[in-house]
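Working notes for the structure below.
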Amino acid sequence: EAQKVSDFKKNFPNDREMASSQTEVMMSYDGDYIYIAAICYDDAPGDYIVQSLKRDFNWYRNDNFSLFIDTFDDHSNGFAFAASPYGVQYEALISNGDNLSSNWDNKWQVAVKAYDDYWVAEFAIPFKTIRFNEDAEFFNINFARNDLKHNERSSWRPVPFQFRVYSLNYTGRVIFESPLQKTGGNIALIPYAAGGMNRDFQTQSDYNYFGNAGLDAKMALSSAMNLDLTINPDFSDVEVDQQVTNLSRFELFFPERRQFFLENSDLFANNGFSRIRPFFSRRIGLTSPIIAGARASGKVGKDWRLGLMNVQTGASSDGLQSPENFTVATFQKKMFAASNLDAIFVNKEVVSTAIPDSVDADDQRSRHFNRVIGVDYNLLSADNKWSGKIFYHHSLSPEDNYNNFAQTVWLRYSTKALTLQWNHEIVGENFNAEVGYVPRRGHYRWEPHFRYNIFPENSASINRISFGIDFDAFWDTDFSMTDRITSSYASLQFLNTGYLYFRVSDEYIYLFNDFDPTNSGEETLPEGSDYNFRNAMLGFRSDTRKPVFYYLRSSYGGYFNGERFNVQGEIDVRYTPYGMVALAFNYNRLRFPEPFNDADFFLIGPRFDITFTDKLFLTTFIQYNNQIDNVNLNTRFQWRFKPVSDLFLVYTDNYLPENFFVKNRSIVLKVSYWLSV
């Protein structure tokens, strides 16, 4: 009986027409839940396209109905909820207006039923699950449909083609009959128990049996502010990282996956730039265990967000690393339509457990700290055409407190046809963010970018043609160039979701340290030498809606004083709706003149995702990486026996590739239970 909204308009493959298959949506609410019902009409033959029955599916590769909620009217932060035609749930946090993070997990309900020419989804989302300001009179909201049968994305409130359909700058408004009130007690206790065994076969040690228990807790300090607590957390169930071949001179970046660090993670993780991060949570707890942590984050008033975190680690098992304490404080102030001002403070303190009598204790502690303080301004115009970031960060350590800053100005102007982008960075040689991710210091960087899009109106196969030019250059602090890449590219995006990409580049590198171009401990290129070489790359992705689809990319050209041929890709086989088999591969052929050593690197990674039901999942990784001379097997069985309550069985082996001799082996059984208080 609720009011219906409909008339969904396309976002893709164009934004000029109404959706081929329409959607009708109704909403209601009571003191505990928001209710949404969607009728998704479907006149196309064939089965719905989904990858599996696994929660938090790939949004773009699964038929789904979604809603995006901006509860704070800041057009920057919000929540996404979606369901596939098979009733599989998806939830994510939205930050910076249009960035989705699906690692977030929380309690809500959905039921789905399919009919001959439509399917119906009914959502019940607890007010306790989302964050909002008490006395809120409205939410900004949009509804969207990913209809892969017609290869369309559509939404209730129209979103221009060049922007993501979940952009919070393009929302309607849901007005409540009376202002929302605090939802009462909102405490969740999530205890866990884990046990298992492991063995290092290379040292011929005996099996080591272990048990562990701990507790996570979520407490609503207000309807908009949440407190996360953890005591003796265990991350054995976290999915393994996908390995990569590293031929660069710098450290690689891997994303955070641990649940404790995820809610409102943008408050802590989005300061800085992709390769100049003052805080990177994976620095905490990977080499020494986390004993306990507390994390408060959320909205304060209409325009302010606040984040506070403190984590204490213990000594490492080998005794080489002392206990450490980490503190992060950050705030964000909304400015103008959707921009904001951020400030962050990061502090790392080494807690010494044994201080020699000859060293003054206060002096010892004073030499064991690292701090970063910074301010960021994040620009996003009301129409999404202008975006950018300006920041200044300053580090403090016991020594080298000069040239200890990082500064960036990044600005982008984007329309449907044209994208212009400018970035420059300055990173001092002594900028030291020990709890951050800054793989490169002591440089200036200029990075302009140009792209132009053409949209053929009468083409039966091509959706978009793009051309672009990139320039990316680094100078040291004496203004001597150390790196430069100039590249041009062209791409075709097809109406069937396929993609063709071609790129040529000219690259210059000056080595400020000795470097082994194979990263395998062989002959090194000398410090002070420089190299200029060219490359060409061609990539293609097939129709992702097909049961079998693939991605393939190949490049050939110079590589320092030699040559490099690379081919990489992935083949996916989908058996709807019960799972997928994927084979990822990467081959690098490196050839150098004497006396340097040639190298051939293979990285092969089959992955099996089997979903017996929407509550029983089996994921198996097999990764062969000859660069590190290892074969890794990781199998994870998950049974979600209640909402956000799981049983995990995780088995891991590492082998020598030559004879499959077992290096080490472990098996872990873990049970966690979400208890609402």
Side-chain angles (χ1 to χ4, degrees), residues 54-56 103-107 187-201 205-219 228-241 254-263 281-295 311-319 321 323-324 326 609-612 615-621 632-654 662-677:
K54 193 172 184 179
R55 192 182 183 112
D56 293 335
N103 290 323
W104 177 64
D105 211 0
N106 220 307
K107 293 181 74 171
I187 300 175
L189 303 178
I190 315 169
Y192 82 87
M197 58 184 182
N198 56 49
R199 183 183 181 187
D200 188 337
F201 287 84
S205 60
D206 293 331
Y207 275 102
N208 172 47
Y209 297 90
F210 60 89
N212 206 3
L215 176 71
D216 288 326
K218 288 180 172 291
M219 303 180 184
D228 289 281
L229 301 173
T230 188
I231 300 173
N232 194 32
D234 173 84
F235 306 115
S236 59
D237 58 296
V238 175
E239 189 173 279
V240 298
D241 292 316
F254 292 94
E256 178 61 82
R257 300 178 184 272
R258 296 171 293 177
Q259 191 68 28
F260 172 73
F261 294 101
L262 295 181
E263 182 161 351
S281 57
R282 286 190 62 146
R283 299 291 186 207
I284 303 175
L286 289 187
T287 58
S288 56
I290 294 177
I291 297 174
R295 189 172 174 273
V311 179
Q312 178 66 49
T313 67
S316 60
S317 58
D318 57 12
Q321 183 168 317
E324 296 172 331
F326 301 86
D609 269 313
I610 302 173
T611 54
F612 303 101
K615 295 179 176 60
L616 287 174
F617 316 114
L618 179 66
T619 301
T620 299
F621 265 117
N632 171 253
L633 168 67
N634 180 267
T635 297
R636 187 178 68 156
F637 173 80
Q638 178 184 0
W639 172 32
R640 175 147 286 189
F641 55 88
K642 288 190 67 176
V644 206
S645 301
D646 298 282
L647 180 145
F648 291 95
L649 181 63
V650 184
Y651 177 86
T652 303
D653 266 351
N654 286 289
V662 181
K663 296 180 180 180
N664 49 69
R665 172 174 295 159
S666 70
I667 185 169
V668 177
L669 179 67
K670 178 180 177 181
V671 180
S672 63
Y673 185 81
W674 182 295
L675 178 64
S676 297
V677 179

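Hydrogens, waters and symmetry mates are skipped; everything else that's a heavy atom, side chains included, is used.
Panel note: side chain Asn232, backbone Ala213; a donor-acceptor pair is recorded below 3.5 Å. Remark: the backbone N or O of Leu616 is not paired with any side-chain donor or acceptor of Gln638 at under 3.5 angstrom. Using modelled atom types, no side-chain atom of Lys107 and backbone atom of Ser676 make a donor-acceptor pair closer than 3.5 Å. Arg257 contributes no side-chain N or O that, together with a main-chain N or O of Asn103, makes up a donor-acceptor pair within less than 3.5 Å. Under a 3.5 Å cut-off, the side chain of Thr313 and the backbone N or O of Gly285 do not form any donor-acceptor pair. Side-chain atoms of Ser205 come within 3.5 Å of backbone N or O of Asp200 as a donor-acceptor pair. Formation of a donor-acceptor pair under 3.5 Å by the Arg636 side chain with backbone atoms of Phe648 is not found in this model.
Within a 6.0 Å sphere centred on CH2 of Trp104, heavy atoms belonging to other residues, nucleotides or ligands number more than 12. The number of heavy atoms from other shown groups lying within 6.0 Å of NZ (Lys663) is above 12.
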Practice problem: Please step through side-chain contact (heavy atoms from CB on, under 4.5 Å) for the pair Thr652 and Val650, ending with a clear verdict. | Solution: CA-CA 7 Å; Thr652 303; Val650 184; 4.2 Å; yes
Quiz prompt | CA sep, side-chain torsions, deciding dist, call: Arg665, Tyr651, side-chain contact (heavy atoms from CB on, under 4.5 Å) | solution = CA-CA 8 Å; Arg665 172 174 295 159; Tyr651 177 86; 3.0 Å; yes
Exercise. Starting from the C-alpha separation in whole Å, work towards a yes-or-no answer on side-chain contact (heavy atoms from CB on, under 4.5 Å) for Asn664 and Asn198.
Key: CA-CA 7 Å; Asn664 49 69; Asn198 56 49; over 6 Å; no
Practice problem: Show the numbers, then the answer: is there a side-chain contact (heavy atoms from CB on, under 4.5 Å) between Asp241 and Arg282? | Solution: CA-CA 12 Å; Asp241 292 316; Arg282 286 190 62 146; 2.7 Å; yes
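Taking every heavy atom of both residues into account, Pro233 and Ile291 meet most closely at CD-O, 4.2 Å. Lys54 approaches Thr619 most closely through the heavy-atom pair NZ-OG1, 3.1 Å. In this structure, Ala315 and Ser288 approach most closely via the heavy-atom pair C-CB, 4.1 Å.
Counting heavy atoms from C-beta outward, Asn212 and Tyr192 have side chains that approach closer than 4.5 Å. Residues Val668 and Phe210 have side chains in contact (heavy-atom distance under 4.5 Å, counting atoms from C-beta outward). Within the 4.5 Å cutoff, the side chain of Ile187 has heavy atoms near those of the Leu189 side chain. Residues Asp228 and Asp216 form no side-chain contact, since every pair of their non-hydrogen atoms from C-beta on lies 4.5 Å or further apart. Side-chain contact between Phe260 and Val311 is present, with at least one heavy-atom pair separated by less than 4.5 Å. Between Gln259 and Ile190, the closest side-chain pair of non-hydrogen atoms is not below 4.5 Å.
The aromatic rings of Tyr673 and Phe641 sit parallel to each other, their planes meeting at less than 30°, with 60° as the upper class boundary.
When only modelled atom types and interatomic distance are considered, Ser672 and Trp674 share no side-chain donor-acceptor pair under 3.5 Å. When only modelled atom types and interatomic distance are considered, Asn632 and Asn654 share a side-chain donor-acceptor pair under 3.5 Å.
Taking CZ from Arg199 and CG from Asp206, the interatomic distance works out to 6.5 Å, rounded to the nearest 0.5 Å. Between the CZ atom of Phe621 and the CG atom of Leu633 there is a distance of 11.5 Å, given to the nearest 0.5 Å.
Exactly one of Arg55, Lys218, Arg258 qualifies for a salt bridge (Lys or Arg N to Asp or Glu O under 4.0 Å) with Asp105. That residue is Arg55.
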